[in-house]
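Side chains included, hydrogens not; waters and symmetry mates left out as well; all remaining heavy atoms used. Remember, it's 1-based here, ligands and their atoms both numbered in the order they're listed.
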Amino acid sequence: MDEELAISVRGLRKAYGDNVAVADVDLAVRRGEVFALLGPNGAGKTTTVEILEGFRRRDAGEVSVLGVDPARPGPDWRSRVGIVLQGTGEFDELNVGEVVRHFAGFYTDADDPDKVIERVGLGAKKRARTRTLSGGQKRRLDVALGIVGRPELLFLDEPTTGFDPEARREFWELIRDLSAGGTTILLTTHYLDEAELLADRVGVIAAGRVIEVATPDRLGDRHQALATVSWRTPDGVVQSTQSATPTALVAELAGRFDGEVPGLTVTRPTLEDVYLRMIGH
Ligand code: ATP
């Protein structure tokens with residue numbers, strides 16, 4: 001297996017009875033990369049990720065995660081991998097500090113629990129019982145538990161679901177920080193803006209197959225897409241045209257209007273536009 005790859009998957013298949021959840025997945029995630037797995041509900045993302053995490057058995061295919069087959073993990077493999085599960089963050093009467101310290105005890109080289117709590121923005125809640133946390137605060141605790149072992153590779157399954165806009169931004173900062181520190185991150189998300197902001201590359205999975213892997217700006221040949229230029233004519237009608245050379249068109253319009261072009265906008269397909277087209281909407 002390639003040393004440069006944190007995750008390498010070939011021909012992965014998994015069925016639940018007659019339902020083929022993962023038909024034939026190939027995937028390569030480089031070390032240090034932030035990789036986002038996108039796809040509609042039921043596409044096979046969680047099944048794939050849970051096989052990579054060692055939580056599910058596969059029917060066929062080759063899988064290597066940090067050089068190890070997750071179906072036969074060695075003793076130290078689990079401590080090299082961080083997993084942010086949905087909804088671990090409730091531990092009855094324990095407070096945030098106690099839970100993070102407890103999890104830190106599972107690792108030989110854990111990070112300082114107080115530092116981790118600050119890092120996920122729960123500093124003010126260190127002594128709060130976990131059952132009193134809000135939904136977004138519980139997700140932050142999930143993240144704290146995923147990173148306290150200083151993982152080389154971090155799995156994040158829909159990490160910002162339920163976050164308010166400010167919490168999402170703070171979370172994105174944290175992910176950028178972890179990535180800058182060398183952590184490889186595999187993320188599943190339904191938020192295309194999140195994928196665009198965080199991911200070095202995205203993979204689109206539909207009906208159990210990877211249909212494309214690309215950088216967010218190149219997915220679906222987005223970088224070659226025509227731009228849409230819109231403006232308002234002197235009698236107030238909005239006019240719109242597609243152009244491969246929008247700068248020249250805008251210059252021409254500026255000449256025509258002798259300066260400012262009323263209501264001018266220049267847009268290109270968003271990641272969401274190309275994604276929806278790819279999955280057939
Ligand atoms: P979502 O975006 O909704 O989380 P997903 O891409 O993560 O979807 P999976 O959870 O991997 O999709 O599901 C893929 C398919 O496998 C679905 O048809 C689902 O119903 C089925 N499936 C998943 N887990 C099980 C299970 N434990 N038993 C039976 N079928 C399952």
>> I'd like to check the side chain to side chain contact (heavy atoms under 4.5 Å, CB included) partners of Q137; sequence neighbours left out, ordered by chain and number.
In response: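 Listed in chain order: L122, K125, L133, S134.
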> Is the cationic atom of R139 (NZ for Lys, CZ for Arg) positioned less than 6.0 Å from the six-membered ring centroid of F171 and within 45 degrees of its normal?
Replying inline: no
>> Are D26 and V210 packed together at the side-chain level, in the sense that at least one heavy-atom pair is separated by less than 4.5 angstrom?
In response: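 No, side chains not in contact.
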List, one per line, each side-chain donor-acceptor pair under 3.5 Å for residues 255-268, sequence neighbours excluded.
| from | atom 1 | to | atom 2 | distance (Å) |
| --- | --- | --- | --- | --- |
| R256 | NE | E252 | OE2 | 3.3 |
| R256 | NH2 | E252 | OE1 | 3.2 |
| R256 | NH2 | E252 | OE2 | 3.3 |

> Quick check: does any side chain N or O of R140 sit under 3.5 Å from a backbone N or O of V120, one acting as donor and the other as acceptor?
Replying inline: yes
> Which residues pass the ring pair (Phe, Tyr, Trp, His ring centres under 6.0 Å) test with Y107, sequence neighbours left out?
Replying inline: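 For Y107, no residue satisfies ring pair (Phe, Tyr, Trp, His ring centres under 6.0 Å) once neighbours in sequence are set aside.
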> Considering only heavy atoms, which protein residues lie less than 4.0 Å from any atom of ligand 1?
Replying inline: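 Under the 4.0 Å cut-off, ligand 1 touches Y16, N19, A21, P40, N41, G42, A43, G44, K45, T46, T47, R56, E158, H190.
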